[in-house]
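Notes for the one structure printed next.
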Amino acid sequence: MSTLYIKFTPPSPVPTQYKIRYKKSTDISFTELLQPSTGLSPEEFSITGLTSGVTYDVEVQSYCGDGVFAAGNEVQSVARSEEHTSELQ
């Protein structure tokens, strides 16, 4: 099993939480994780239990309040057994 580390600069104002969506690039459906904001810049999170050598699509959405999440940027990254960080733009 592998871990994918993601790092990004948070928007302003900093949201209270993020929705991290990920899937194998060949899958249709995303798995979603809710993560509280650390309040730090850059924000850094990890996704564990991934298959090494497989390409994943990852998207981070910011919580805007009232149950609404802003559209996020998507990046593709390959899960590796060693530490690897993908930066969202």
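The shortest side-chain heavy-atom distance between Phe8 and Val60 falls under the 4.5 Å cut-off. Here the side chains of Lys24 and Asp57 are not in contact, with every heavy-atom distance at 4.5 Å or above. Between Glu44 and Tyr5 there is no side-chain heavy-atom pair separated by less than 4.5 Å. Looking at heavy atoms from C-beta onward, Val54 lies in side-chain contact with Tyr56 at the 4.5 angstrom threshold. Here the side chains of Leu50 and Thr3 are not in contact, with every heavy-atom distance at 4.5 Å or above.
Closest non-hydrogen pair, Thr51 versus Ser2, comes out as C-OG, 4.3 Å.
Listed by chain and number, the residues in a side-chain contact (heavy atoms from CB on, under 4.5 Å) with Thr16 are Tyr63 (sequence neighbours excluded). Among residues two or more places apart in sequence or in another chain, the side-chain contact (heavy atoms from CB on, under 4.5 Å) test is passed with Thr31 by Tyr22. A search for side-chain hydrogen bond (donor to acceptor under 3.5 Å, both in side chains) contacts involving Glu32 returns Arg21, not counting sequence neighbours. Ser29 is linked by a side-chain contact (heavy atoms from CB on, under 4.5 Å) to nothing, counting only residues two or more places apart in sequence or in another chain. For Ser12, there are no side-chain contact (heavy atoms from CB on, under 4.5 Å) partners at least two apart in sequence or on another chain. With sequence neighbours excluded, no residue forms a side-chain hydrogen bond (donor to acceptor under 3.5 Å, both in side chains) with Ser46.
Under the 4.5 angstrom side-chain criterion for Ile, Leu, Val, Met, Phe, Trp and Tyr, Leu40 has no cluster partners at all.
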Name each donor-acceptor pair under 3.5 Å that joins a side chain in residues 64-72 to protein atoms two or more places apart or in another chain, with its distance.
none

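At a cut-off of 3.5 Å, with distance as the only test, no side-chain donor of Ser37 or Gln17 sits close to an acceptor on the other residue.
A side-chain contact (heavy atoms from CB on, under 4.5 Å) with Phe45 holds for exactly one of Ile20, Val58, Leu4, Leu33; it is Ile20.
Between Lys19 atom NZ and Gln35 atom CD the span is 13.5 Å, to the nearest 0.5 Å.
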